[in-house]
Structures are given as structure tokens and as C-alpha cells.
Protein chains: 2
Amino acid sequence: MTSTSRKTEDPATAPSIAGARPTRQRRAVASALQSFDDFRSAQDIHDLLRRSGENVGLSTVYRTLQALADNGDVDMLRTEEGEAIYRRCSTSHHHHLVCRACGRTVEVEGPAVEKWSDSVAAQHGFTDVSHTLEIFGTCPTCA
Amino acid sequence: MTSTSRKTEDPATAPSIAGARPTRQRRAVASALQSFDDFRSAQDIHDLLRRSGENVGLSTVYRTLQALADNGDVDMLRTEEGEAIYRRCSTSHHHHLVCRACGRTVEVEGPAVEKWSDSVAAQHGFTDVSHTLEIFGTCPTCA
DNA sequence: TTCTTCATGAGAATCATTCTCAATGCGATT
DNA sequence: AATCGCATTGAGAATGATTCTCATGAAGAA
Ligand SMILES: [Zn+2]
Ligand SMILES: [Zn+2]
Ligand SMILES: [Zn+2]
Ligand SMILES: [Zn+2]
């Protein structure tokens, strides 16, 4: 390899925001996201960082999380109460099976659902279609 | 008909809250819900009532809407921003196809989706399963 | 009507999220 | 290294939806 600078994309590691500076704060948030498997709120993640010694402003946590979500690098959904919660995720389109008790989350795919959704929308003449779908239940451990 | 008092359930009209007093305010909210076809926020509905002459406190609008939603008499979902919005709906389980531009909403059913959801959850050992599913798009009129 | 209980609403309180904007950090360029 | 230009940060104020408080009013039973 020559001395030419390259984008060094870590294969399976924390995501970075396209066209943004990889600051200490953004790295810290991205890293924190790797440390849990359930959905957490911006404030939860802020606390997590605080406790782990990383000092990141709450505003920055909000901003970073939103940027990552817009970028498709984390999944964001809303609690019953309307609070935004985040979780790292695979990049392909998928949905979630979430435990109501402990928050444990499984990513699931359903090609049939995708097709159904598009077809139903088409039947009614809707275009530019998207959808949201989450499944909630009690996981084996919590049952 | 005798003079015996009965529960007069209007067949296809505004819903009432089970075990609650049918007050002027609750009737007004239930009635307002009959006057639109898209999803509206509590505050929108409060304004609607205000403008139509009915004077109902904002707290009461919130309380009534939540009670109706808990009762399954109206559907509640959340905007991208997390705001709760409400709409009268049929009593059977269904989902929504919503126009992003004008809010026009179509109720849709998908037995296959219901089965898929339950089966996926079961495969992962989840019990007591429920789900949320909404489809968004641009309606023919807005296209 | 009288009593008991539930419902109402004006305004304060909550609480997540956004905004403000001066201070700072990053990267590129001399 | 010194410097300029601009993105980023964060403390605290502001916002805005929703909830709470609690004194007052209405509904229903007897
Ligand atoms: Zn669980
Ligand atoms: Zn999907
Ligand atoms: Zn439309
Ligand atoms: Zn369903």
C-alpha cells in the first residue's frame, strides 16, 4: 500500500458519522452503543458515559444519537410513553422482537411482511412507502 | 317500551368510556372524534372543540382521549417526533396506511402479518405477544 | 333534596428534547 | 509550529407536550 491516505473502516466496530469529525465525544457515544444489547434512551447513554469516566455533554449525546439514527447506523424507536430509545443494529432492513420486562431485543426479518406492506399500499395508490413494525412480548428468561 | 331505564347504546356512533359518567365534556370529545378522518393530537382536538363552541379543559381532553385509547375505542399512535395522535377506528384489530403529506388514513388488515408476528415471537420463546405496525406513504391525491 | 363520589380545569410542575452562543478542537495550509 | 476557518461542544435557558394538584362543580343513588 502506498502512503496515500485511506478511509480506514473498522469492519465490525462502532459506526462513525459520514462527513463528520471523529471527535472524542462521538467516538465515546459510538463505543457506548457497543456495550449493551437493549434499547436505551439518550439520557441512559449519557449516564453510562458519565459513569465510565467519559465526559460528554448531554446535548452532544442527543445530537450524536440522532445523527447516527438518521444515518441508519443505530435503530431508534419510541417507548409507549414516547421517549426515544436507541440501539446498535445491523445495517439491513429488519424489525425487533423486544421483551417488555427486560428489554432484551432480537432482530427479525420478514420478507413476506415487506411485500405485504408494499402491496397493500400500492392497492390504495400510495407511493413512496415505508413502515414501522415492532413485536413485543415476554422473553423466556422473564416468563 | 316501559319506563325502565336502559343503557342506550347508539349503534354506530361516538364511543363512551365503560364505567364512567357520560359528561358533557366526554360526549364532546367523543363527538369531535367523529368529525375527522386523520390522526390528530390532543391539542388539535382541544382547539377543535374550542372553535366549535364546546368548552372543555385541556386536561380533560387528555384524560378522555387516553381513557378511550386504553379502552380500544380510538387508535393512538406517535408521530416521528413522539407526539401522541388519535383517531376513531373500528373495534377489530387492524393497522394503518397513513399519507405523510395530508394524513389521510386507511385501515388495513393482514392476517398473514398477525400470524407471522406470533410465529416469530414463538420461535424465540416469547410469550404474551403484541405488535405495532403502521405503513406510511404518499396518497394518490398528494402524489 | 342530600350525600357521596367522580369529574373538571386553571395553573403549576415534570421532563425529554432543543436551542443559544461563547469557547474550544480539528484539519488543512503556510 | 503558528494560523486561519469552521465544525463541535456544553452549560444553561427555553420549549413544548403531558401530568399533577386540588378546590370547585356535576352525576347518580337513596
Ligand atoms: Zn426479558
Ligand atoms: Zn420491514
Ligand atoms: Zn395525502
Ligand atoms: Zn396486527
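Each chain gets a letter, A, B and so on, in the order the sequences are listed, and its residues count up from 1.
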Q) Per the atom types in the model, does the base of D/dG16 pair as donor or acceptor with the side chain of B/S41 at under 3.5 Å? A) no

Q | Whole-Å gap separating P (D/dA17) and CD1 (B/I85) | A | 13 Å

Q.
Do B/R26 and B/R24 have side chains that approach each other closer than 4.5 Å (heavy atoms only, starting at C-beta)?
A. no

Q: Compare the minimum distances between each of C/dC6, C/dT17, D/dA7 and the side chain of A/R21, then state the nucleotide with the smallest one.
A: D/dA7

Q) Side-chain N or O of B/Q66 less than 4.0 angstrom from OP1 or OP2 on D/dT19? A) yes

Q. What is the distance from OH of B/Y62 to P of C/dA13, rounded to the nearest Å?
A. 18 Å

(Q) Taking the side chain as everything from C-beta on, heavy atoms only, tell me whether B/T105 gets closer than 4.5 Å to B/R87. (A) yes

Q. 5'-most contact on DNA chain D: A/S59 or A/R26, nearest heavy atom basis?
A. A/R26

**Q.** Separation of atom CZ in B/R78 from atom C1' in D/dG16, rounded to whole Å
**A.** 14 Å

**Q.** Atom-pair distance (CE on B/M76; P on D/dA17), nearest Å
**A.** 15 Å

**Q.** Angle between terminal axes - the helix from C/dT1-D/dA30 to C/dT30-D/dA1, 5 pairs each end, rounded to 10°
**A.** 30°

Q) What's the CD-C1' distance between B/E83 and D/dA17, to the nearest Å? A) 7 Å

Q | Separation of atom CD in B/Q43 from atom P in D/dG16, rounded to whole Å | A | 10 Å

Q | Within-4.5 Å side-chain heavy-atom neighbours: A/R100 and B/F126 | A | no

**Q.** Position toward the 5' end of DNA chain C (nearest nucleotide), A/R63 or A/G82
**A.** A/G82

Q) If you take atom types as modelled and just measure distance, does the side chain of B/R24 reach the base of C/dT8 with a donor-acceptor pair under 3.5 Å? A) no

Q) So, is A/Q25 close to the D/dG10 phosphate, meaning a side-chain N or O under 4.0 Å from OP1 or OP2? A) yes

Q.
With a cut-off of less than 4.0 Å, is there a side-chain N or O of A/T23 near OP1 or OP2 of D/dT8?
A. no

Q) Taking CG from A/D47 and P from C/dC15, how many angstroms apart are they, rounded to a whole number? A) 14 Å

Q: Could you check how far CG of B/L58 sits from C1' of C/dA13, rounded to whole Å?
A: 14 Å

Q. Quick one: on DNA chain D, does B/R27 or A/N55 contact a more 5' nucleotide (nearest heavy atom)?
A. A/N55

Q) Does a side chain donor of either A/E107 or A/S90 reach within less than 3.5 Å of an acceptor in the other side chain? A) yes

Q) Can we say B/R88 and B/D75 salt-bridge, meaning some charged N sits less than 4.0 Å from an Asp/Glu carboxylate O? A) no

Q: Determine whether B/I135 and B/H96 make a side-chain contact, defined as any pair of heavy atoms from C-beta on separated by less than 4.5 Å.
A: no

Q. Are A/F36 and A/L48 close enough that some pair of their side-chain heavy atoms sits under 4.5 Å apart?
A. yes

